[in-house]
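As a basis for the values below, the full set of heavy atoms in this structure was taken, side chains included, without hydrogen atoms, waters or symmetry mates.
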Amino acid sequence: GFASDLSRHALASGSRSLRHSEPDASACGLKRLQPKARRMSDTPTPAGDVWTVRRILEWTVPHLKSHGSESPRLDAEILLAHARGCPRIQLYTNYDEPLTDTQRATMRDLVKRRAAAEPVAYLVGHREFFGLDFQVTKDVLIPRPDTETLIVEAIETLKPQATPRVLDLGTGSGCIAISLAVNCPNAIVTAVDLLPAAIDIARANAEKHSVADRIRWFCGDLFAPLASGEQFELIASNPPYIRSEEHTFELQSPYVISYA
């Protein structure tokens, strides 16, 4: 079944948990496995082994919690909605609906990867930020809720100005530049990133939110690709940062080590 297959993976693969130490089988709520445990894709499926939306969530939430997820319910819902190709709200309107074999296989893989510390946003390919949906890949860092405070302050700063020029350094997914362009229609926005792949993601996000024609994109190191003497009313940046005294394996989370 769904649980037995994931349990085998957790015990046999040595996957890294979201915490710094692996929980044992009892901490994960795992029972002794039968030698020939059935995979969830096996058919036919007995009536008592039907993996409905409800049952998948009831199993996945404690499993992710035991692997250190700080938001196991939200993680499970996002992953299951992605596996089923539906909005999260439909999980509850179809609570007792069985998953197809394909949906179960997709969900099983997503749960394994999440339990091994892979961020949910990378698993599903997008993240909401300041009320907007942004495509994300491993070429960009995931927009964080804390950065929304920067957007609020920037909007207040730009309000009194007619056509403010804004610079976003290290744009990544473009979440800062695009959020400011959407919420400050008179702003002229410039965005810079060192990685061409990041610029491609940011451009795609700008197209999605209909502000691509109001943002200039430059690939380069900080101010280097800009014209000499160019000025801006506001410069925004939220680059990745780790204090030197924290730059050790013991003090870094699996997310920072593998995905930041």
Side-chain angles (χ1 to χ4, degrees), residues 57 64 69-93 110 114 118-193 195 197-217 232-241 255 259-260:
L57 289 175
L64 292 182
S69 171
E70 296 179 356
S71 53
R73 183 76 188 190
L74 178 61
D75 289 358
E77 290 179 1
I78 292 173
L79 296 179
L80 184 53
H82 181 71
R84 297 183 76 241
C86 71
R88 276 174 58 206
I89 188 63
Q90 283 189 14
L91 297 179
Y92 293 94
T93 59
L110 292 171
R114 179 59 187 140
E118 191 166 346
V120 171
Y122 289 153
L123 293 174
V124 301
H126 63 95
R127 176 66 174 264
E128 182 181 341
F129 178 84
F130 211 72
L132 303 171
D133 190 65
F134 288 86
Q135 176 190 355
V136 295
T137 70
K138 293 178 182 178
D139 294 312
V140 300
L141 293 182
I142 299 167
R144 297 178 59 85
D146 292 351
T147 308
E148 293 183 348
T149 60
L150 183 155
I151 302 299
V152 172
E153 292 296 326
I155 290 173
E156 290 301 312
T157 300
L158 297 174
K159 272 183 179 179
Q161 305 184 48
T163 54
R165 294 163 295 180
V166 177
L167 173 62
D168 175 21
L169 291 175
T171 193
S173 66
C175 64
I176 293 176
I178 293 166
S179 296
L180 291 178
V182 168
N183 289 278
C184 304
N186 296 326
I188 302 169
V189 182
T190 300
V192 179
D193 200 280
L195 300 178
I199 293 293
D200 290 341
I201 295 295
R203 283 182 187 273
N205 283 324
E207 291 282 355
K208 178 179 181 179
H209 296 296
S210 304
V211 293
D213 60 336
R214 295 181 37 233
I215 303 177
R216 298 187 304 158
W217 307 98
F232 301 90
E233 277 68 48
L234 185 143
I235 299 176
S237 184
N238 189 25
Y241 47 85
Y255 167 78
Y259 299 104

Handout entry: Arg73/Leu57 under side chain to side chain contact (heavy atoms under 4.5 Å, CB included): CA gap, chis, key distance, verdict
Key = CA-CA 8 Å; Arg73 183 76 188 190; Leu57 289 175; 3.8 Å; yes

Exercise for the section: Assess whether side chain to side chain contact (heavy atoms under 4.5 Å, CB included) is satisfied between Thr93 and Gln90, documenting all intermediate values. Expected result: CA-CA 5 Å; Thr93 59; Gln90 283 189 14; 3.9 Å; yes

Handout entry: Thr157/Glu233 under side chain to side chain contact (heavy atoms under 4.5 Å, CB included): CA gap, chis, key distance, verdict
Key = CA-CA 9 Å; Thr157 300; Glu233 277 68 48; over 6 Å; no

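The distance from the CZ atom of Arg203 to the CG atom of Asp200 is 7.5 Å, given to the nearest 0.5 Å. Once rounded to the nearest 0.5 Å, the distance linking CD of Glu118 with CG of Leu123 reads 4.5 Å. To the nearest 0.5 angstrom, Leu110 atom CG is 11.0 Å from Asp75 atom CG. Cys175 contributes atom SG, which lies 7.5 Å from atom CG of Asp168 (distance to the nearest 0.5 angstrom). Between atom CZ of residue Phe129 and atom CD1 of residue Ile178 there is a gap of 10.5 Å, rounded to the nearest 0.5 Å. The OG1 atom of Thr171 sits 11.5 Å away from the CG atom of Leu195 when rounded to the nearest 0.5 Å.
When every heavy atom of Asn186 is checked against every heavy atom of Ala162, the shortest pair comes out as CB-O, 3.0 Å. Of all the heavy atoms in Ala181 and Val189, the pair that sits closest is CB-CG2, 4.1 Å. Ala191 and Ala177 make their closest contact through CB-CB, 4.1 Å (heavy atoms, listed as atom of the first residue, atom of the second, distance). For the pair Tyr122 and Val136, the tightest heavy-atom approach, listed with the atom from each and the gap, is CD2-CG2, 4.3 Å. Ala206 and Trp217 get closest at one heavy-atom pair: CB-CZ2, 3.6 Å. Counting all heavy atoms, side chain and backbone alike, Asp133 lies closest to Lys208 at OD2-NZ, 2.7 Å.
A donor-acceptor pair is defined here as one N or O able to donate and one able to accept, closer than 3.5 Å; such a pair exists between the side chain of Arg214 and the backbone of Pro185. Between the side chain of Asp193 and the backbone N or O of Ile199 there is no donor-acceptor pair closer than 3.5 Å. Judged by distance alone, with hydrogens and angles left aside, the side-chain atoms of Glu148 form a donor-acceptor pair with the main-chain N or O of Phe130 at under 3.5 Å.
By the 4.5 Å heavy-atom criterion applied to side chains, Pro239 and Leu169 are not counted as neighbours. Looking at Val120 and Arg127, their side chains never come closer than 4.5 Å, going by heavy atoms from C-beta outward.
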Donor-acceptor pairs under 3.5 Å, side chain of residues 80-88 to any protein atom, not counting sequence neighbours: which ones?
residue, atom, partner, partner atom, Å
Arg84, NH2, Glu97, OE2, 2.7
Arg88, NE, Glu77, OE1, 3.3
Arg88, NH2, Glu77, OE1, 2.8

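Between His209 and Phe134, the ring-plane angle classifies as tilted under the 30° and 60° cut-offs.
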